[in-house]
A.B. asks: 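I am attaching a structure below and will ask some questions about it afterwards.
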Amino acid sequence: MMIVSWNTTNKCNMYCSHCYRDSGKKYKEELTTEQGKKLIDEIAKAGFKMMIFSGGEPLMRKDIFELIQYASDLGVIPVLGSNGTLITLDIAKKLKKAGAKSIGISLDSLNEEKHNRFRSHENAWKYTVQGMENCKEAGLKFQVHTTVMKWNKEEILDITDFAVKIGASAHHIFFLVPTGRGNEIEEQALDSEEYEIMLQNIMKKQQEVNIELKPTCAPQFVRIAENLGVKTRFKRGCLAGISYCIVSPKGNVQPCAYLMETAGNVKEKAFNDIWNDSSIFKNLRSLDYKGSCGKCSYKESCGGCRARAAHYNNGDYMSGENSCILGE
């Protein structure tokens with residue numbers, strides 16, 4: 001399935017330590033309601049089936065329900081990426097009525113103090129968990145999103161158990177890519193051995209729970225799942241520029257949230273034309289990787305994290321990925 005994520009606004013009610021978008025204040029140049037609807041039209045024309053409304057915090061856009069409804073009416077499946085703190089029961093019901101199919105809600109620790117400190121919000125944990133409960137009461141599907149770092153790596157599988165208990169449909173585990181504010185906590189990224197062990201543990205855990213576990217920004221999980229005999233619906237690791245891309249609050253189209261190369265801007269060129277014609281996307285689709293990724297027998301199913309490859313190789317997103325244990 002082709003998926004696009006639209007960072008609908010840079011405005012956010014939090015100041016999270018790892019934010020790739022360096023969110024906080026709204027940009028003056030953010031897409032208007034009409035520009036957003038035009039974008040959704042072009043996304044549908046390009047063949048995308050799912051649209052993630054994210055941010056910043058998407059619920060800080062006053063027109064978010066209108067935009068979700070517009071996408072739903074066009075047959076594009078609308079989902080959200082949210083910190084969860086603004087999801088009252090009324091908001092959850094409005095999201096469901098507008099056509100939202102699922103909400104990804106971020107939770108990075110079961111320890112309230114640690115989560116609140118990471119999110120720079122004294123009540124983040126309480127409001128986030130309440131947001132999950134409100135989604136459940138409204139009959140709105142939700143999943144838990146966690147960024148794994150050195151400081152919380154020992155509790156990742158416990159968060160999976162929490163996700164099962166609270167009624168989440170999935171637990172998606174993001175591996176830190178040091179972009180935006182995340183660059184300031186680069187030392188919290190797992191090293192290659194920790195990275196490999198964590199992916200193995202997640203895939204083994206998948207055999208024990210009845211919700212979907214999905215490592216993100218860690219495409220090696222496809223190889224590990226295959227080697228462990230774990231059944232998963234995911235057949236490809238890094239989707240950047242292949243069946244996934246993002247649109248920034250200002251309209252810039254990027255291969256993924258962590259790869260800052262700009263393929264074009266939707267204010268200047270139709271999204272579907274950017275998707276079909278961009279040299280960046282053509283490069284990524286060629287799979288003509290360099291270094292270890294180019295030689296790897298798993299390049300068709302994995303592809304390495306292109307954003308991490310770029311970060312550690314002077315912006316060369318086709319380089320080998322240093323964090324992979326097979327690349328050492």
Side-chain angles (χ1 to χ4, degrees), residues 1-12 21 23 26-27 29-84 86-87 90-106 131 134-135 138-143 145 169-170 172 214 216 239-257 263-276 281:
M1 178 185 290
M2 289 171 61
I3 304 171
V4 60
S5 178
W6 175 23
N7 296 157
T8 57
T9 180
N10 200 61
K11 191 175 181 180
C12 192
R21 193 50 76 191
S23 295
K26 179 182 177 180
Y27 294 140
E29 307 93 332
E30 290 182 5
L31 299 185
T32 65
T33 303
E34 290 310 308
Q35 288 172 329
K37 288 181 177 179
K38 178 175 178 289
L39 170 63
I40 295 169
D41 287 335
E42 292 165 358
I43 281 169
K45 185 176 179 180
F48 283 77
K49 302 301 182 185
M50 179 178 287
M51 186 169 185
I52 305 169
F53 291 83
S54 64
E57 172 51 54
L59 291 175
M60 299 197 82
R61 268 195 79 125
K62 294 180 180 179
D63 59 358
I64 193 65
F65 303 104
E66 181 181 351
L67 292 166
I68 289 170
Q69 183 74 61
Y70 191 82
S72 181
D73 290 345
L74 273 182
V76 177
I77 300 169
V79 300
L80 269 77
S82 171
N83 61 44
L86 303 178
I87 305 177
D90 183 56
I91 291 293
K93 289 178 178 178
K94 285 182 178 179
L95 288 169
K96 184 175 175 63
K97 183 178 180 181
K101 298 302 181 186
S102 183
I103 313 293
I105 300 177
S106 300
N134 290 335
C135 287
L140 179 59
K141 188 176 175 182
F142 71 95
Q143 58 191 47
H145 288 177
S169 62
H172 285 201
K214 165 65 166 61
T216 300
L239 305 177
I242 298 173
S243 59
Y244 174 81
C245 71
I246 77 144
V247 181
S248 80
K250 297 179 181 181
N252 290 328
V253 181
Q254 302 167 210
C256 82
N265 188 288
V266 299
K267 294 178 183 177
E268 302 166 359
K269 188 175 182 179
F271 171 87
N272 46 297
D273 291 333
I274 295 172
W275 176 253
N276 290 324
F281 291 150

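Residue numbers run from 1 in the order of the sequence given.
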A.B. asks: For a 4.5 angstrom cut-off between non-hydrogen side-chain atoms, does L95 reach F65?
C.D. replies: yes

A.B. asks: Measuring from atom CD1 of I68 to atom CG of D63, what distance do you get when rounded to the nearest 0.5 angstrom?
C.D. replies: 9.5 Å

A.B. asks: Taking S23 for its side chain and K11 for its backbone only, find out whether a donor-acceptor pair lies under 3.5 Å.
C.D. replies: no

A.B. asks: Check whether any side-chain heavy atom of K37 sits under 4.5 Å from a side-chain heavy atom of E66, and report yes or no.
C.D. replies: yes

A.B. asks: What's the spacing between I3 CD1 and L239 CG if we round to 0.5 Å?
C.D. replies: 7.0 Å

A.B. asks: Using side-chain contact (heavy atoms from CB on, under 4.5 Å), reason through L80 and L59 one step at a time and then give a plain yes or no.
C.D. replies: CA-CA 9 Å; L80 269 77; L59 291 175; 4.0 Å; yes

A.B. asks: Does any donor atom in the side chain of N83 or S106 lie under 3.5 Å from an acceptor atom in the other side chain?
C.D. replies: no

A.B. asks: Report yes if the side chains of V4 and W275 come closer than 4.5 Å at any heavy-atom pair, otherwise no.
C.D. replies: no

A.B. asks: Counting only N and O atoms by type, is there a donor-acceptor contact under 3.5 Å from the side chain of K96 to the main-chain atoms of G139?
C.D. replies: yes

A.B. asks: Donor-acceptor check, side chain of E30 to backbone of N10, threshold 3.5 angstrom: yes or no?
C.D. replies: yes

A.B. asks: NZ of K101: more than 12 outside heavy atoms within 6.0 angstrom?
C.D. replies: no

A.B. asks: Just verifying a value: how many Å separate I105 CD1 and I87 CD1, rounded to the nearest 0.5 Å?
C.D. replies: 4.0 Å

A.B. asks: Answer yes when D90 and K94 have at least one side-chain N-carboxylate O distance shorter than 4.0 Å, and no when they do not.
C.D. replies: yes

A.B. asks: Does the side-chain contact (heavy atoms from CB on, under 4.5 Å) test come out yes or no for V253 and F281, once each step is laid out?
C.D. replies: CA-CA 10 Å; V253 181; F281 291 150; 3.8 Å; yes

A.B. asks: Below 30° counts as parallel, above 60° as perpendicular, anything between as tilted: where do the rings of H172 and H145 land?
C.D. replies: parallel

A.B. asks: If you measure from OG on S243 to CE on M50, what distance do you get to the nearest 0.5 Å?
C.D. replies: 11.5 Å

A.B. asks: For the pair N265 and E29, evaluate side-chain contact (heavy atoms from CB on, under 4.5 Å) and give the outcome as yes or no after the intermediate values.
C.D. replies: CA-CA 12 Å; N265 188 288; E29 307 93 332; over 6 Å; no

A.B. asks: Are the side chain of R21 and the backbone of N7 linked by a donor-acceptor contact shorter than 3.5 Å?
C.D. replies: no

A.B. asks: Is E34 paired with K38 through a side-chain N to carboxylate O contact shorter than 4.0 Å?
C.D. replies: no

A.B. asks: Surrounding NZ of K214 (heavy atoms of other residues, nucleotides or ligands, distance under 6.0 Å), is the total greater than 12?
C.D. replies: yes

A.B. asks: Measure across I103 and C135 and return the closest heavy-atom pair with its distance rounded to 0.1 Å.
C.D. replies: CG1-SG, 4.3 Å

A.B. asks: Any chance you could measure F142, atom CZ, to S169, atom OG, to the nearest 0.5 Å?
C.D. replies: 7.5 Å

A.B. asks: Could you label the plane-to-plane angle of the F48 and F271 rings as parallel, tilted or perpendicular, counting under 30° as parallel and over 60° as perpendicular?
C.D. replies: perpendicular

A.B. asks: Which atoms form the tightest heavy-atom contact between Q143 and S102, and what is the distance?
C.D. replies: OE1-OG, 4.2 Å

A.B. asks: Please report the closest heavy-atom contact between V76 and A44, naming both atoms and the distance.
C.D. replies: CG2-CB, 3.8 Å

A.B. asks: Take a 6.0 Å sphere around NZ of K93 and say whether it holds more than 12 heavy atoms from other residues, nucleotides or ligands.
C.D. replies: no

A.B. asks: What are the two closest heavy atoms between S72 and P78, and how far apart are they?
C.D. replies: CB-CG, 3.9 Å

A.B. asks: Side chains of S82 and F53: does their closest heavy-atom pair fall under 4.5 Å?
C.D. replies: no

A.B. asks: Between E57 and T9, do the side chains contain a donor N or O and an acceptor N or O under 3.5 Å apart?
C.D. replies: no

A.B. asks: Applying side-chain contact (heavy atoms from CB on, under 4.5 Å), run through L86 and I91 and close with a yes or a no.
C.D. replies: CA-CA 8 Å; L86 303 178; I91 291 293; over 6 Å; no

A.B. asks: Check the surroundings of atom NZ in K267: do more than 12 heavy atoms from other residues, nucleotides or ligands lie under 6.0 Å from it?
C.D. replies: yes

A.B. asks: Using 0.5 Å steps for rounding, measure from the CD1 atom of I40 to the CG atom of L74.
C.D. replies: 7.5 Å

A.B. asks: Restricting to side-chain hydrogen bond (donor to acceptor under 3.5 Å, both in side chains), what partner residues turn up for N272, sequence neighbours left out?
C.D. replies: none

A.B. asks: Going by side-chain contact (heavy atoms from CB on, under 4.5 Å), V266 matches just one of I43, L31, N252. Which one?
C.D. replies: L31

